[in-house]
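Just so you know, residue 1 is the first one in the sequence shown, and it goes up from there. Side-chain atoms are counted along with the backbone in the values below, which use heavy atoms only and exclude waters and symmetry mates.
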Amino acid sequence: MLNWVEIVIRSFTFLIALFLLTKWLGKKQLAELSFFEYVTGITIGSIAAEVTMGLERHIMHGLIAMSIWTLFPIIMGLISLKNKKIRDFVEGKATIVIKDGKILEDNLKKERYTIDELLEQLRSKDVFQVSDVEFAVIEPNGDVSILLKKENRPLTAKDIQLNQPSVKEPQTVIMDGLILDEPLSTAGLNRGWLNEELEKLEVTVDNVFLGQIDSYGQLTVDLYDDKINVPSPKEKPLLLASLKKCQADLELFSIQTESEKAKQLYNKNSQKLNRLLSKLTPLLNDN
């Protein structure tokens, strides 16, 4: 067999083998790999490259070696799940480097982390002053996780006691000009509704590159032609405006009526609607 033909065959063989072995190892982003997993990945790739070009080496020897290097971290991973000491040894432990706005220099030296590297990590998370940090740890993968002091954290809906509805997963209902029926059904909608919404936007399915439905049942589309401006959905702003008008009308009726009973009724319902508006306005604002 010609050398170049054998190299092609070996390359495809090890490409498929690497893909299957990597899938077997599990899903982890490169930044989340432990040192042990990182070394294992490099070694497996090196074995594949060496056997691919080393025509004097038997292809089965390379596959066996790669299988062993793949099987070992899987076994270690299973053992680590049941034994914290082994897990800490193999994957490492998080190290506290900032507490109550003070840098713990000994822990920083222990991790061979310079103050410049720490400040760089803080800046990457939009933190420019160490005293603003309540708690910071160096994770086993080398990244720094931080918790700001309470007075420096951004306000949340919980802080202002605003009840927010749960957010549902957006559903992609149009892709490459084709309607996807399964996500449309998952959203509890059908093609008839979708066609009506597209008519409101004055676009056809063929012109839509991507169409998605948000948690509130609103359709947003991205067209093939980027020069065409698609108006944003107006259902929420219109509903908010209608509710505000109703509340204003109730106040006006209470002023105009001469009946004391009717005045109390209008005022009572106006106040109810006003409380409802205070909760709905953040949700219905078209921002």
Side-chain angles (χ1 to χ4, degrees), residues 126-127 132 134-135 147-175 179-223 226 228-287:
D126 297 328
V127 178
D132 292 340
E134 178 77 32
F135 193 74
L147 176 68
L148 292 173
K149 291 182 178 178
K150 195 166 185 179
E151 61 270 21
N152 296 316
R153 297 176 207 165
L155 280 176
T156 64
K158 184 178 179 180
D159 293 329
I160 58 176
Q161 298 182 341
L162 177 65
N163 293 325
Q164 290 275 39
S166 58
V167 178
K168 298 179 182 177
E169 178 189 358
Q171 297 294 330
T172 300
V173 294
I174 303 175
M175 187 179 290
I179 296 176
L180 306 179
D181 290 305
E182 185 176 343
L184 191 61
S185 176
T186 301
L189 303 167
N190 54 41
R191 288 195 174 212
W193 174 89
L194 182 60
N195 289 327
E196 287 181 7
E197 293 301 306
L198 290 174
E199 285 181 12
K200 292 178 184 177
L201 298 174
E202 298 181 354
V203 297
T204 61
V205 175
D206 297 338
N207 293 329
V208 179
F209 177 64
L210 183 71
Q212 292 183 307
I213 298 174
D214 64 15
S215 298
Y216 307 104
Q218 290 190 134
L219 175 69
T220 56
V221 297
D222 182 88
L223 303 183
D226 294 330
I228 300 177
N229 292 322
V230 180
S232 57
K234 296 298 181 184
E235 284 82 357
K236 290 196 292 183
L238 287 174
L239 176 58
L240 180 61
S242 298
L243 289 172
K244 286 182 177 179
K245 183 178 184 304
C246 290
Q247 195 268 338
D249 287 342
L250 287 171
E251 287 186 354
L252 181 63
F253 295 156
S254 69
I255 295 172
Q256 292 178 339
T257 184
E258 296 180 357
S259 170
E260 191 62 32
K261 186 177 180 180
K263 187 184 292 291
Q264 291 177 358
L265 182 63
Y266 287 139
N267 278 328
K268 181 180 178 181
N269 286 287
S270 174
Q271 291 170 5
K272 284 183 178 180
L273 198 51
N274 193 44
R275 288 195 294 270
L276 179 63
L277 278 168
S278 66
K279 296 179 180 179
L280 291 179
T281 298
L283 304 176
L284 298 179
N285 267 328
D286 189 23
N287 293 330

(request) Apply the test side-chain contact (heavy atoms from CB on, under 4.5 Å) to residues L194 and V173: give CA-CA distance (whole Å), side-chain angles for both, the deciding distance (0.1 Å), then the verdict. (result) CA-CA 9 Å; L194 182 60; V173 294; 4.2 Å; yes
Which atoms form the tightest heavy-atom contact between [X] and [Y], and what is the distance?
X	Y	value
A187	I213	CB-CD1, 4.4 Å
V208	G211	CG1-N, 3.9 Å
K263	T257	NZ-O, 3.6 Å
M175	L180	CB-CD1, 4.1 Å
L184	N190	CD2-C, 3.4 Å
L198	V205	CD1-CG2, 3.3 Å

What's the separation between atom [atom1] in [X] and atom [atom2] in [Y], rounded to the nearest 0.5 Å?
X	Y	atom1	atom2	result
L252	I255	CG	CD1	6.0 Å
Q256	Y266	CD	OH	9.5 Å
L223	L201	CG	CG	8.5 Å
D126	L148	CG	CG	9.5 Å
Q271	E251	CD	CD	9.0 Å
C246	L276	SG	CG	11.0 Å

(request) Examine distances only and state if a side-chain atom of N269 and a backbone atom of L265 form a donor-acceptor pair shorter than 3.5 Å. (result) yes
(message) Would you say that more than 12 heavy atoms from the other residues, nucleotides or ligands in this model lie under 6.0 Å from the CD of E151, or not?
(response) yes
(message) With a 6.0 Å cut-off (strictly less than), is the heavy-atom count around NZ of K272, excluding the residue itself, greater than 12?
(response) no
(request) Output yes when R191 and D181 qualify as a salt bridge under the 4.0 Å nitrogen-oxygen rule, no when they do not. (result) yes
(message) Please determine whether a side-chain nitrogen of the Lys or Arg among K200 and E197 lies less than 4.0 Å from a carboxylate oxygen of the Asp or Glu.
(response) yes
(request) List for me each residue that meets side-chain hydrogen bond (donor to acceptor under 3.5 Å, both in side chains) alongside Q171, sequence neighbours excluded, and say none if there are none. (result) none
(message) Can a side-chain donor-acceptor contact be found between T220 and Q212 if the only test is distance below 3.5 angstrom?
(response) no
(request) Answer yes if the side chains of N267 and S270 hold a donor-acceptor pair under 3.5 Å, and no otherwise. (result) no
(message) Evaluate V221 against F209 for side-chain contact (heavy atoms from CB on, under 4.5 Å), listing each step before the verdict.
(response) CA-CA 8 Å; V221 297; F209 177 64; over 6 Å; no
(request) List in chain and number order the residues that pass ring-ring contact (aromatic ring centres under 6.0 Å, His included) with F135, two or more places apart in sequence or in another chain; answer none if no residue qualifies. (result) none
(request) Check salt bridge (charged side-chain N to carboxylate O under 4.0 Å, His left out) between K245 and all other residues, then give those that pass, not counting sequence neighbours. (result) D249
